[in-house]
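Below is one structure, written out as structure tokens; comments come after it.
Counting starts at 1 for both ligands and their atoms, following the listed order. We're numbering straight along the sequence, starting at 1.
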Amino acid sequence: MKREPHLNNAALMARRRAALPSGLGQALEIFVDRAEGAEVWDVEGKRYLDFAGGIAVLNTGHRHPRLVAAVQEQLTRFTHTCFQVLAYEPYVELAERLNALAPGNFAKKSFFMTTGAEAVENAVKVARAYTKRQALIAFGGGFHGRTMMTMALTGKVAPYKAGFGPFPAEVYHARFPCPLHGVSVDDAIASIEAIFKYDVEPQRVAAIILEPVQGEGGFYVAPPEFAQRLRALCDQHGIVLIADEVQTGAGRTGTWLACEQWGVAPDVITMAKSLGGGVPLSAIIGRAEIMDAPGPGGLGSTYAGSPVACAAALAVLDIFEEESLLARSRTVGERLMTGLRSLADRHPTIGEVRGLGAMVAIELFKGGGLDQPDAALTQAIVQEAAKRGLVLLSCGVYGNVIRILVPLVASDSELDEGLEILGACFDALA
Ligand SMILES: Cc1ncc(COP(=O)(O)O)c(C=O)c1O
């Protein structure tokens, strides 16, 4: 079809509805023309502040010049060989740098995939190959992707699992600690003990997988004490502890990996999203002996760890060092939390302001009652914000959380502008 000279969002939405399946959701009816830093312009020329960052992909911002230069340079040399056929140095350098950045005083190895779901699939593969066990424990409210195994691990039925089963067997869900909704760390650990009692003996469990901060589930932060008790449980029973850092990783939470704040190290870590700064890339990083368990040819994929994506990820690492983005992640988080807390003081519908580093969220309740999640108001605020030029995302098991994943390169004035728009939306609607 010929491109129309003057594209507009409504006409493009009509074409989208006719040509694409409705299962492919769309949060906002906006079509992008170009983007830079923390700003996006749509096909009608309207400017938006991007507080969604492509769902946590743009910690280094849209089109960071250093990343663009690295990708362009790679494009002039070669774009694809398939790493398992003809290898290239940037893949190895990236693995070396990620191994060095991951917590834990033990030898590590890494390999690459393309999507977050593939990283999780492969974390499960190495854990099963190493332990020679089958069962997996994940958490209610967790999100790990849309492939069959990652849907099985995901702890939220609608919309992610409904209608798509049966899923791979031997996946059990424990409770994720969330004091706001009445689940303590003790309750969460007890729910794992209950799985050992009612469902599967610990000697058959290959791995426990958790997000250090549940992303799609609502930005609930796992307390370090919980991670430490999981570590002890895994050590006791020979279970592999997997941290799914697809959303939390690459500096979002104020450290390169959120699990650095646990005081204990996971055995395997998955990353994706902001690792490639907008170029699709995911990573599996783990204890060398676990990563070496699958036989030759057991791991890999045609496009995985593409040279273009590796060049982008190396640029992301350089940008973090050169621009001190980890420190910036913490100050961005503090500025957002301060602004959101003062908004919550004015609007009791905001029941909680929480976060880790620059991964922050507010949770909305009708009349401030914690038993009445307000998904309708959450959606209304997201849509109103877009009209006023701010891109926001909702999330949460109850659909009542507004999350912020703004690029870490956003200026203070851009952060304040976004907070002001959000405040105006609450003044208008809450
Ligand atoms: C924690 C977590 N794991 C896995 C995934 C799946 O990643 P992808 O959509 O790249 O397959 C996501 C995506 O949001 C995620 O947040």
Side-chain angles (χ1 to χ4, degrees), residues 23-27 52-59 112-125 127 136-156 159-161 164 167-168 171 173 176 178 207-222 227 241-253 256-259 262 266 268-286 301 303-306 309 312-313 316 355-361 393-397 399 401 403-405:
L24 205 54
Q26 181 151 350
I55 319 189
V57 170
L58 297 159
N59 290 352
F112 303 115
M113 287 286 139
T114 307
T115 67
E118 284 179 298
V120 173
E121 292 272 353
N122 280 274
V124 169
K125 281 171 66 174
L136 303 164
I137 295 178
F139 292 89
F143 181 81
H144 300 287
R146 289 181 163 88
T147 57
M148 280 297 164
M149 176 54 87
T150 57
M151 274 194 290
L153 292 168
T154 289
K156 189 178 175 195
Y160 304 123
K161 301 168 78 150
F164 298 131
F167 304 112
V171 175
H173 285 94
F176 194 81
C178 177
I208 296 179
I209 180 166
L210 80 156
E211 298 160 86
V213 182
Q214 285 196 330
E216 305 302 303
F219 278 32
Y220 301 115
V221 182
L241 182 60
I242 303 173
D244 181 353
E245 295 246 18
V246 165
Q247 193 156 156
T248 50
R252 173 51 51 183
T253 67
W256 175 248
L257 293 161
C259 64
W262 283 356
V268 177
I269 297 163
T270 55
M271 296 185 73
K273 293 192 184 273
S274 280
L275 176 62
V279 183
L281 180 73
S282 62
I284 305 93
I285 305 150
S301 170
Y303 292 113
S306 118
V316 165
L356 193 65
M359 189 166 181
V360 303
L393 283 173
S394 64
C395 66
V397 182
V401 178
R403 55 173 155 173
I404 299 182
L405 291 161

Numbered atoms of ligand 1 (with element) below 4.0 Å of Glu211, judged on heavy atoms: 1 (C)
Tell me: protein heavy atom nearest atom 10 (O) of ligand 1, and distance? Gly116 N, 2.8 Å
Run the salt bridge (Lys or Arg N to Asp or Glu O under 4.0 Å) test against Glu211 and tell me which residues pass, sequence neighbours left out. none
I need the nearest protein heavy-atom contact for atom 16 (O) of ligand 1: residue, atom name and distance, please. Gln247 NE2, 2.9 Å
Nearest non-hydrogen partners of Val120 and Asp244, listed with the distance: CG2-OD2, 3.5 Å
When rounded to the nearest 0.5 Å, the distance separating CZ of Phe219 from CG of Leu393 is 8.0 Å
Roughly how far apart are Glu121 CD and Leu153 CG, rounded to 0.5 Å? 8.0 Å
Where Cys259 and Ile269 come nearest, the two heavy atoms and their spacing: SG-CD1, 4.0 Å
Yes or no: does Ile55 have any heavy atom under 4.0 Å from an atom of ligand 1? no
Sorted by chain and number, sequence neighbours left out, side-chain contact (heavy atoms from CB on, under 4.5 Å) with Thr248 holds for Pro212, Val213, Glu245, Thr253, Ala258, Met359
Based purely on interatomic distance, does Gly145 place a nitrogen or oxygen under 3.5 Å from a nitrogen or oxygen of ligand 1? no
What are the atoms of ligand 1, with element, lying closer than 4.0 Å to any heavy atom of Glu216? 14 (O)
Atom 4 (C) of ligand 1 - nearest protein heavy atom and its distance: His144 O, 3.2 Å
Among all the protein's non-hydrogen atoms, which is closest to atom 11 (O) of ligand 1, and how far away is it? Ala117 N, 2.8 Å
Does ligand 1 have an atom under 4.0 Å from some heavy atom of Lys273? yes
Centre-to-centre under 6.0 Å for Phe176 and Tyr220, is that the case here? no
Taking all heavy atoms of Gly141 and all of Gln214, pick out the closest pair and write down the distance. C-NE2, 3.4 Å
Heavy-atom pairs closer than 4.0 Å: do any link ligand 1 to the side chain of Ala272, the backbone, both, or neither? neither
Quick one: does Ile208's side chain get under 4.5 Å of Phe139's, heavy atoms only? yes
How far is atom 5 (C) of ligand 1 from its nearest protein heavy atom, and which residue and atom is that? Val246 CG1, 3.7 Å
Side chain, backbone, both or neither: which part of Glu245 has a heavy atom under 4.0 Å from ligand 1? neither
Atom 3 (N) of ligand 1 [closest protein heavy-atom partner, distance rounded to 0.1 Å]: Asp244 OD2, 2.7 Å
